[in-house]
Amino acid sequence: MKWQVVDSYEEMSSVAAEILLSAIRKTPDLVLGLPTGKTPEGMYARVVAECRRGSHCFSDVKTFNLDEYVGLSPWHPSSYSSYMKQHLFGHIDVREENINLPDGTAAWAFERHPGITHAEALELECMRYEDAIARAGSLQLTFLGLGRNGHIAFNEPGTPFDTRTRVVTLSESTKRANARYFPGGVTPDKAITMGLGTISESAAIILLASGESKREAVSRLRSGEVSPDFPASILNRHHDVRLIVDRAAAGD
Ligand code: GLP
């Protein structure tokens, strides 16, 4: 694992944006894994600014988001689909058919299989998503944020390392941390997330962490521990991971 401690959130965002853009320059049909949350907002803003300057930035890129809330349609203002439109997809030349997020309502499954249960429809959606990643030839470069309890995507502590895309129940601490995105502060209880197994198959992974609230998780990751109690620790086993962490998160 390569560590890079930078001075500020702004520097972390610029370094991350440059990694993303140079990967696209090198591989125009890149298959990207993308996160949501506060952490990548600065990276997305820089990518948008750069892509506005040039043409053909994302025109052949395929994207797969890490997760989505169960019960929210892609048009729900608090969905990760809306987040991605607001911060990235609405401003770049990515093709609609190359954008992939789990569908938190699994609407297509109900249409195709009338009478199935909610749980069955979500299960089909998880299978469809895994299959879509496999058909794209698997993830080439994946960006991750870091939950305060060490979660990556929505893989909470205790998640086995070999998990695939599935429905998960969110921990109270994760719901509290994400409540700011929901008017009234009520976060959904469940989400569809790529599994730790799915994520760790990405050829390269960049983890971003910023701010004091991530310091404990960053220091645990630095300890070299490898345990499902701390989901991000799976990255200690991956051969191509780069961590870009600002001083506040690193505690240096
Ligand atoms: C959510 C997302 C994660 C993200 C985490 C940290 O739980 N599902 O993918 O990494 O929040 O978010 P933030 O960057 O806002 O601290």
Side-chain angles (χ1 to χ4, degrees), residues 6 8-10 12-13 15-17 20 32-47 63-72 76 78-84 86-88 100-104 126 129 139 141-159 163 165-182 185-196 198-200 202 205-218 220-221 230-235 241-246 248-250:
V6 294
S8 61
Y9 176 78
E10 286 66 35
M12 179 198 77
S13 303
V15 172
L20 195 158
L32 267 177
L34 293 177
T36 49
K38 183 93 198 84
T39 311
E41 284 179 11
M43 169 180 82
Y44 290 145
R46 283 159 179 78
V47 167
T63 67
F64 287 89
N65 265 80
L66 298 171
D67 42 22
E68 180 59 284
Y69 292 105
V70 164
L72 303 196
H76 189 288
S78 302
S79 70
Y80 282 159
S81 180
S82 296
Y83 169 104
M84 291 306 295
Q86 183 193 340
H87 292 286
L88 185 67
N100 297 274
L101 282 103
D103 177 350
C126 294
Y129 203 63
L139 303 168
L141 175 63
T142 299
F143 288 82
L144 299 174
L146 179 64
R148 291 169 206 205
N149 61 4
H151 74 250
I152 49 177
F154 270 135
N155 295 286
E156 298 280 20
T159 301
T163 41
T165 301
R166 71 207 184 286
V167 175
V168 291
T169 301
L170 303 179
S171 73
E172 284 308 315
S173 89
T174 298
K175 282 167 65 178
R176 265 197 310 278
N178 290 340
R180 63 184 184 276
Y181 291 107
F182 291 85
V186 184
T187 314
D189 294 323
K190 290 184 189 297
I192 294 177
T193 183
M194 278 188 203
L196 292 175
T198 322
I199 293 168
S200 64
S202 179
I205 295 177
I206 311 289
L207 183 132
L208 307 175
S210 163
E212 244 183 86
S213 66
K214 301 294 169 72
R215 193 175 287 181
E216 208 180 307
V218 166
R220 202 164 162 190
L221 190 55
F230 188 65
S233 69
I234 192 175
L235 302 178
V241 177
R242 186 159 158 195
L243 277 100
I244 306 165
V245 173
D246 69 8

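Indexing begins at 1, ligand by ligand and atom by atom, following the structure's order.
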**Message:** Tell me if the NZ atom of Lys175 is crowded by more than 12 foreign heavy atoms within 6.0 Å.
**Reply:** yes

**Asked** With a cut-off of 4.0 Å, which atoms of ligand 1 are near a heavy atom of Phe154?
**Response** 1 (C), 7 (O), 8 (N)

**Atoms in ligand 1 with a heavy atom of Asn178 nearer than 4.0 Å** = 1 (C), 7 (O), 11 (O)

Taking atom [atom1] of [X] and atom [atom2] of [Y], what is their separation to the nearest 0.5 Å?
| X | Y | atom1 | atom2 | answer |
| --- | --- | --- | --- | --- |
| Leu235 | Leu146 | CG | CG | 8.5 Å |
| Phe64 | Ile199 | CZ | CD1 | 13.5 Å |
| Leu20 | Leu34 | CG | CG | 7.0 Å |

**Item:** Ring centre gap for Phe182 and Tyr69 strictly below 6.0 Å
**Value:** yes

**Prompt:** Between Thr36 and ligand 1, is there a nitrogen or oxygen pair with a distance under 3.5 Å?
**Reply:** no

**Item:** Polar proximity ligand 1 side, Asp67 side, N/O cut 3.5 Å exclusive
**Value:** yes

For [atom], what's the nearest protein heavy atom and its distance?
| atom | value |
| --- | --- |
| atom 16 (O) of ligand 1 | Lys214 NZ, 2.6 Å |
| atom 12 (O) of ligand 1 | Gly37 CA, 4.1 Å |
| atom 5 (C) of ligand 1 | His151 NE2, 3.7 Å |
| atom 14 (O) of ligand 1 | Thr39 OG1, 2.4 Å |

**Asked** With a 4.0 Å cut-off on heavy atoms, is Pro35 touching ligand 1?
**Response** no

**Complete:** Paired with Arg166, the side chain to side chain contact (heavy atoms under 4.5 Å, CB included) test is passed by just one of Thr198, Ile192, Thr159, namely Thr159

**Message:** So Tyr83 and Glu41, do their side chains get closer than 4.5 Å, heavy atoms only?
**Reply:** yes

**Complete:** Out of Glu156, Arg148, Met194, Arg180, the nearest non-hydrogen contact to atom 15 (O) of ligand 1 is supplied by Arg180

**Request:** Pick whichever of Ala153, Gly211, Gly145, Gly147 has a heavy atom sitting closest to atom 3 (C) of ligand 1.
**Result:** Ala153

**Prompt:** Going by atom types alone, do Asn149 and Arg220 pair a side-chain donor with an acceptor below 3.5 Å?
**Reply:** no

**Asked** Relative to ligand 1, is Leu146 under 4.0 angstrom through side chain, backbone, both or neither, heavy atoms considered?
**Response** backbone

**Request:** Please work out whether any backbone atom (N, CA, C, O) or any side-chain heavy atom from C-beta onward of Tyr80 is under 4.0 Å from ligand 1, and answer side chain, backbone, both or neither.
**Result:** side chain

**Message:** Between Asn155 and Met194 (side chain of the first, backbone of the second, donor and acceptor by atom type, cut-off under 3.5 Å), is there such a pair?
**Reply:** yes

